[in-house]
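The chains referred to below are lettered A, B, ... by the order of the sequence lines, with proteins before strands, and numbering in each begins at 1. Basis for what follows: all heavy atoms, side chains included, without hydrogens, waters or symmetry-related copies.
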Number of protein chains: 2
Amino acid sequence: MPQVSSETPVVHIVDDDESQRLGLDSLLRSVGLTARTYGTTHEFLKADRLDGPGCIVLDVRLPGISGLDFQEELASLGIRLPVVLMTGHGDIPMSVRAMKAGAVDFLSKPFREQDMIDAVTLALNRDRLRRARETQSVAVLDRHATLSPREREVMALVTAGKLNKQIAAELGLSEVTVKIHRGAAMRKMGARSLADLVRMADALKDQSR
Amino acid sequence: MPQVSSETPVVHIVDDDESQRLGLDSLLRSVGLTARTYGTTHEFLKADRLDGPGCIVLDVRLPGISGLDFQEELASLGIRLPVVLMTGHGDIPMSVRAMKAGAVDFLSKPFREQDMIDAVTLALNRDRLRRARETQSVAVLDRHATLSPREREVMALVTAGKLNKQIAAELGLSEVTVKIHRGAAMRKMGARSLADLVRMADALKDQSR
DNA sequence: GTTGCACCCATACTTAGGTGTGATGCGATA
DNA sequence: TATCGCATCACACCTAAGTATGGGTGCAAC
């Protein structure tokens, strides 16, 4: 039996039809993937490890809420797992809406098993990529949070390409003080060069967008 | 009559049905947009100003080639105008394929006029954004092309955060020489600070990807 | 063969960046 | 109240960066 560490990606299957759930579950297990099944979105949201690696396979027709609406709700909840949608009674506007909202794929039932496996594989890859980027920039964000307000201010101006002298004038400080804050920013951010710091500053901007 | 300068975005309509073409043309004109119509992809590809701002409204069923295939062909031809697809006999897999390939929207005929207008507006906005980014990084690319091989080499190491001393050692040069190349790179690239240069170097990397 | 360009370097000098010592004041918290 | 983090600055010192002067080579185009 494969070990399920917190690093093992989980495929979350949300479908109100139990036989569909079981079928999908065994399909994904047959290719070595780990799956969890849920009959409702509520049940899914109560589950843990939603912040771990994985993806979601979501039926469009669910009790109480449309899978499409739920897809948008996930975003506002900060759950950024890639979503694969499936439906038995879909139409083109539905699929277009789903894809616009960032779905990895939109499969009509009955689908070919290989199509589902491909979609899930793609979704997991996309998640892995996002996570890799995320861990990098979260580390930067954490370090940036340890800066004092002044240090942040100086860092912003330094990475904007200003000279210590100009920064001092702009903030009404002496040049020495700027150098001190600048040095502290470099140290706290773990930047080994100005180029490093510039890239971190840009990563912070991307983060906030 | 509105003036059509090279800055006016053009909506390229590709549809083999003439009445459809005319209808779309007048719809778009009614909201102040400039449109061109084509009965075949061939006719479209012979047109000029395909590198100007605009977007493409493409019927899926075309003589000789599927609109979906043509969408992919456009990419390989380097034509990066956003594409809005429409069809009278579409299905979900078609729409999903189109959206995966980057289509702005996929409309089933008959569509609501407002939906087409919205799609085209979105497409034009997307094009405007891409163009703005593009002109920036193309300018950087041009300037980078004026650097001598050594200057490029030094720029790469500088923007990697290395000290002149380290660069000199790595390239087997004296530190003065490195400074000269470095200064030349800054001048030719139009960088007013090291931070500037670092961002340009990163833009170059993005470009190549 | 001269002209132009890329490339290289030494010396000398100026400005910018970085650090350490030592000191002051402020506000929050233990 | 004492201590800690933050912010501030002066003085001194060192390294790094940038520029100018002046000179050298090799290569390719005209």
Sort me out a list of protein N/O and nucleotides 28-30 of chain C N/O pairs below 3.5 Å, or just none if empty.
none

Might you list the N or O atoms of the protein lying below 3.5 Å from N or O atoms in nucleotides 3-7 of chain C, with each pair's distance?
{"from": "C:dC7", "atom 1": "OP1", "to": "B:Arg150", "atom 2": "N", "distance (Å)": "3.2"}
{"from": "C:dC7", "atom 1": "OP2", "to": "B:Ser148", "atom 2": "OG", "distance (Å)": "2.0"}

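Counting only distance, with no hydrogens or angles, the side chain of A:Asp69 and the backbone of A:Ile65 share no donor-acceptor pair below 3.5 Å.
Not counting sequence neighbours, the partners of B:Arg80 by the salt bridge (Lys or Arg N to Asp or Glu O under 4.0 Å) test are B:Glu134. A:Arg29 meets the salt bridge (Lys or Arg N to Asp or Glu O under 4.0 Å) test with A:Asp25; sequence neighbours excluded. Taking B:Arg128 as the reference, nothing meets the salt bridge (Lys or Arg N to Asp or Glu O under 4.0 Å) condition, with sequence neighbours excluded. Taking A:Leu163 as the reference, A:Gln166 meet the side chain to side chain contact (heavy atoms under 4.5 Å, CB included) condition, with sequence neighbours excluded. Considering only residues two or more places apart in sequence or on other chains, A:Leu129 meets the side chain to side chain contact (heavy atoms under 4.5 Å, CB included) condition with none of them. For A:Glu72, the salt bridge (Lys or Arg N to Asp or Glu O under 4.0 Å) partners are A:Arg97, not counting sequence neighbours.
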Quiz: residues 177-184 of chain A side-chain donor-acceptor pairs under 3.5 angstrom, not counting sequence neighbours:
{"from": "A:Thr177", "atom 1": "OG1", "to": "A:Ser174", "atom 2": "OG", "distance (Å)": "3.2"}
{"from": "A:Arg182", "atom 1": "NH1", "to": "A:Asn164", "atom 2": "OD1", "distance (Å)": "2.6"}

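Applying the side chain to side chain donor-acceptor pair (under 3.5 Å) definition to pairs two or more places apart or across chains, those involving residues 57-66 of chain B are B:Asp59-B:Lys109.
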Per-nucleotide protein contact along nucleotides 17-30 of chain D, 5' to 3', at a 4.0 Å heavy-atom cut-off (B base, S sugar-phosphate only, - neither), is BBBB----------

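Side-chain contact between B:Val158 and B:Met186 is absent, with no heavy-atom pair separated by less than 4.5 Å.
Look at CD on A:Glu153: it is 13 Å from C1' on D:dC6, rounded to the nearest Å. At whole-Å resolution of the value, CD1 in A:Ile167 and P in D:dC9 are 14 Å apart.
Summary for the helix from C:dG1-D:dC30 to C:dA30-D:dT1: the axes at its two ends, each from 5 pairs, differ by 30° when rounded to the nearest 10 degrees.
Counting non-hydrogen atoms of other residues, nucleotides and ligands closer than 6.0 Å to NZ of B:Lys188 gives a total above 12.
Note that CD of A:Glu153 and OG of A:Ser148 are 9.0 Å apart. Values are rounded to the nearest 0.5 Å.
Judged purely by distance below 3.5 Å, without hydrogens or angles, the side chains of B:Thr34 and B:Thr8 never pair a donor atom with an acceptor atom.
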